[in-house]
There are 2 protein chains.
Amino acid sequence: MNVTIIGTGMTKFGELWSSSPRSLARIAVDAALQDANCEKKTIQAIYVANMLSGMLGMQAHLGALFSEELDMYVPAYTVEGACASGGLAIHTAIASILSGQYETVLVLGVEKMTDHKPEEVSSALMGAGSNEERLAGATFPGLYAMLARSHMKKYGTTEKQLAAIAVKNHYHASLNPLAQFQKPLSVETILHSSYVADPLKLLDCSPVSDGAAAVVLQKSDMKKQHGEVQIVASQVATDTLGLAQRKSLTELVATKRATEAAWKQAGISPEDIDVAEVHDCFTIAELLAIEDIGFVLKGEAAQKIERGCFTIGSAKKTVINTSGGLKGCGHPVGATGVKQIVEVANQLRGRCGKRQVHDARIGLTHNVGGPGATAVVHILKK
Amino acid sequence: MNVTIIGTGMTKFGELWSSSPRSLARIAVDAALQDANCEKKTIQAIYVANMLSGMLGMQAHLGALFSEELDMYVPAYTVEGACASGGLAIHTAIASILSGQYETVLVLGVEKMTDHKPEEVSSALMGAGSNEERLAGATFPGLYAMLARSHMKKYGTTEKQLAAIAVKNHYHASLNPLAQFQKPLSVETILHSSYVADPLKLLDCSPVSDGAAAVVLQKSDMKKQHGEVQIVASQVATDTLGLAQRKSLTELVATKRATEAAWKQAGISPEDIDVAEVHDCFTIAELLAIEDIGFVLKGEAAQKIERGCFTIGSAKKTVINTSGGLKGCGHPVGATGVKQIVEVANQLRGRCGKRQVHDARIGLTHNVGGPGATAVVHILKK
C-alpha cells in the first residue's frame, strides 16, 4: 500500500462545553503534527470527516473552515458517510497519496454534539438511516434493538452477555485518560440501567460526545520518521441503507465484504490481529462486528465475551476496543473513525500506557455508517 | 493523467416539483451509463456531490442512499465543499482511479432545493460561508455584492457590463434544452430587475434549482470506447473562508492558484482553451473568473464582455458557459460542478447542437465554493 502513519493526535472525548469545533480541531492537529515532527507547510491536503455540522450548526464547507483555522491553505475536502465518515476520510486520503497527487496529507475527524438539544441530535443522527425508517419514527437505538432481538432469537444471546461488552469497554476506557468515561461498570449496573429501546438499555448505547482526532499520512518511501506504522489494507463496502431491504438481521454484510477484501489485500487472516477497534455504537454492534469480521464463528461471540475474551490481559488475542470503543471512549461521530486509527497506531507503537497490549504488531479498525450500510476496514502493521 | 470520461448524463435543471432526489439521480446515472455503454456492474465506486440534503432534508449518508436506489452496492462516498462539491467529487474520483484502487467509477452530483422555503435555502447556503458573516447577517448575494463594489471602484466596471454577462449566459441557455431558463434576456430587462444586494439585481443572481448530473470515469488504458475525452488536469486550491481575512476583494486567489497549477499540469495556457464552464453564481463571479483564470488581464474582462466576446459565434475564443452557466442553466448546488464536466465533455464530443462550438478540442471547468474559499479546475482534451 505504501502509506505510513507518521503522526496521530486527539483531544479528550466527552462533554466539552467550553470548546468550539475550531479549538478541538486545532488541539488534535497540533498534536498530530508535533507527533509527526512535521511542519504545517509539509501538509499538502486536508481531509475532514464530519457528519452533523451542517444539520446541527448550519456550517458546511468545513474543508475551507479548518484550512483557515489551521492557517494551512491547501486543497481541503469534507468526506461524509454518517458514522463511517472518519474511516471514509482515511480511505480517501490514502487514495490521494497512492494516486501520486500528494505525499503528505492530514485527516481530521471532528464533531461537536453537546451544544444541541438531545432530540435535535437524535433527529440529525437518523440522517444516517433511510427516509422510510425516519417516517416510521425509528431511532438508531431502535434499529439496533431490532438487530439485537434477531440475534437473541437465532443464537440465544442474552442481555447479560451484551452487558459484558459494555463492562469490557468501560474497563478499557478507565485505563484511557482521553476517554469520556473513566470508571469501570459492573454487569449489574448495566442491566439495571433504563431501557432505551428494548433489549438495549442506556448503558448498551454509546454516548453523545464532542471531540476531534487527527492523523498525518505520508507516502512510505519518504525519509524515515520515528515509530512508523504502515497501512496494509484499506477497504470500503456498502449494503442497503434500510434494514427492511436486507436478507438477514443477524449479520452486517458490508462488514463481511470490507473485511474479506482487507484480508486479501494484506495477505493476513483474523488470527493475526493483535488489537482491533471495532464499531460498538451499541453493545450488539460490537457482537456483530466480532462475528462478521471473523474473530469467531457466527453465534459464538457472546459466550466468549462473557468468559472475558477480547479484554486487555486475557490470555488469547485479539484484544478489542482498547480505547474504550465508542461505548466507553465516546462517539463524536466524525472523529470516531479517525480515533480508531489513532488508537491502533498508538498500540502498535507501544504508547498506550496502562492499556498497552503486549507486543501488539498488527491491528485492525472497523468503522460503520448507519446500521451497517457503510463499513470501512483498515489493517495496520508496525 | 490517464483518466477518461466515458459517459455523461444529466436531468433537466429547474424547479422540478414532481421529482425526488432519488429519481433525479436515477435519470442522470442511467443516461451516463447508457452513454458509456457500460453495465452497472462495471462501476466500482460512487462519489456523490451534495451540499444541502442534510441541512434542508435531514438526510445524510447519501453514498449509501444512492447506492441502494441505483442497486449498485459498491463503496460510496459523499464529498462536500459547498458549491464546489461537484468539482471536488470529480477530483476525488480521479484520485481513486490514479491510486489503482478502481478502474471505473461514477460521480453523481445532485441537489433538490425547491422543496424548501426560500429563507431556509438562503440560510442553508450561508453554511458555505463563515460564522462571523452569518452572525453579521450576510447572505451570498451580499458577499458577492461586496466583491462587485470593489471591482467597480478599482476598475470602473459598470452594472451594464455585469448585465452583459447575464445576457450572454441566458442566450446560451436558450440554446440548451436542459437549461432552467429558455429565453434570451436583454440588458434592459436585467438592469430593470429588482436589487437583491446593491449593485447585484435579481437577474445578476443564479437561481434556486433542482437537478442531477453524472459522469463515468475510467482508467485510460482500458478498452477504447466511443468519443473519449481525457482529463489532463485536476487541481484544487483553498483561500480563507471569510472575506474579511483576504488581502484583495477584486480577485479570487484560490481560482488563480488552482488554474496556475492546472496549466502546469496540462502543459497548456489560457489561449488553448476553446470552451470553458466557469462558476457564475453571480455575474460578478464570472467576471472575476475570466480575469483570474487568465483569459484576459485583470480589469479587462468587462469591456470585452460588453463587446460580445466569450459568446457562441464570436470570432475569438474562448467561448464561456455554453450551457448557460449557473446563471441560465441553473445551480442545483451539488450538481453544478459535475454538470460543468458534462457540458465541456459534450462540447468536445461535438454533441451540443445549436450551442456547439466549432471544432472545440480543449475545455476547462472552474467550480467555486463559498465566495472563493474553494476553487476546483479541470482541463479536458479530446
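These figures come from a predicted structure and were not determined experimentally. Quick note on labels: first sequence line is chain A, next is B, and so on, each numbered from 1.
- Within the 4.5 angstrom heavy-atom criterion, no atom of B:Ser53 approaches chain A.
- Counting heavy atoms from C-beta outward, A:Gln59 and A:Leu65 have side chains that approach closer than 4.5 Å.
- Among B:Ala258, B:Cys83, B:Gly54, B:Ala124, the residue making the largest number of heavy-atom pairs under 4.5 Å with chain A is B:Gly54.
- Among A:Met72, A:His61, A:Arg257, the residue making the largest number of heavy-atom pairs under 4.5 Å with chain B is A:His61.
- With a 4.5 Å cut-off on non-hydrogen atoms, B:Thr92 touches chain A through its side chain but not through its backbone.
- Chain B forms the most heavy-atom pairs under 4.5 Å with one residue out of A:Gln245, A:Arg134, A:Met51, A:Gln235, and that residue is A:Arg134.
- In summary, A:Glu68 and A:Arg22 engage in a salt bridge, as defined by a charged side-chain N under 4.0 Å from a carboxylate O.
- Of the two parts of B:Tyr102, only the side chain, counted from C-beta on, holds a non-hydrogen atom closer than 4.5 Å to a non-hydrogen atom of chain A.
- Ranking B:Ala76, B:Ser96, B:Ala237 against chain A, the residue ahead of the rest is B:Ala76, based on heavy-atom pairs under 4.5 Å.
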Please lay out, stage by stage, how A:Thr259 and A:His366 fare under the test side chain to side chain donor-acceptor pair (under 3.5 Å).
CA-CA 8 Å; A:Thr259 316; A:His366 164 255; 5.8 Å; no
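- Considering only heavy-atom pairs separated by less than 4.5 Å from chain B, the leading option among A:Gly63, A:Ala84, A:Gly81, A:Ala375 is A:Gly81.
- Listed for the B:Thr78 side chain is no donor-acceptor partner under 3.5 Å among the backbone atoms of B:Val48.
- When the candidates A:Gly242, A:Ala89, A:Ala82 are compared by the number of heavy-atom contacts under 4.5 Å with chain B, A:Ala82 comes out ahead.
- For A:Ile46, no part lies near chain B; criterion is any non-hydrogen pair under 4.5 Å.
- Among the candidates B:Gly127, B:Gly57, B:Ser234, the residue making the largest number of heavy-atom pairs closer than 4.5 Å to chain A is B:Gly127.
- For a residue to count as touching a neighbouring chain, one of its non-hydrogen atoms must lie under 4.5 Å from one of that chain's; by this rule B:Leu56 does not touch chain A.
- Counting only heavy atoms from C-beta outward, the side chains of A:Val29 and A:Leu108 approach each other to under 4.5 Å.
- Side-chain N or O atoms of B:Glu111 include one that pairs as donor or acceptor with a backbone N or O of B:Gly334 at under 3.5 Å.
- For chain A, the nearby parts of B:Glu80 are the backbone and the side chain; heavy atoms of each come within less than 4.5 Å.
- In this structure, the portion of B:Ser67 lying under 4.5 Å from any heavy atom of chain A is its side chain and not its backbone.
- Between chain B and the residues A:Ala128, A:Ser130, A:Ser85, the largest count of heavy-atom pairs under 4.5 Å involves A:Ala128.
- Side-chain atoms of A:Pro332 and A:Asp210, non-hydrogen and from C-beta on, never get closer than 4.5 Å to each other.
- Interface residue B:Met55: backbone and side-chain heavy atoms are both found under 4.5 Å from chain A.
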Show, in sequence, the C-alpha distance, side-chain angles and deciding distance for A:Gln218 and A:Ile97, and conclude whether the side-chain contact (heavy atoms from CB on, under 4.5 Å) test is met.
CA-CA 7 Å; A:Gln218 195 169 64; A:Ile97 292 175; 5.6 Å; no
Intermediate values then yes/no, side chain to side chain donor-acceptor pair (under 3.5 Å), B:Gln230 and B:Thr4
CA-CA 4 Å; B:Gln230 297 286 326; B:Thr4 302; 2.9 Å; yes
As a quick check of understanding, evaluate side-chain contact (heavy atoms from CB on, under 4.5 Å) for A:Ile90 and A:Leu88, giving each step before the final call.
CA-CA 5 Å; A:Ile90 296 274; A:Leu88 289 180; over 6 Å; no
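- Between chain B and the options A:Val74, A:Leu98, A:Thr238, A:Val253, the largest number of non-hydrogen pairs under 4.5 Å is found for A:Thr238.
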Please lay out, stage by stage, how A:Asp71 and A:Lys40 fare under the test salt bridge (Lys or Arg N to Asp or Glu O under 4.0 Å).
CA-CA 8 Å; A:Asp71 195 24; A:Lys40 280 184 178 180; 5.3 Å; no
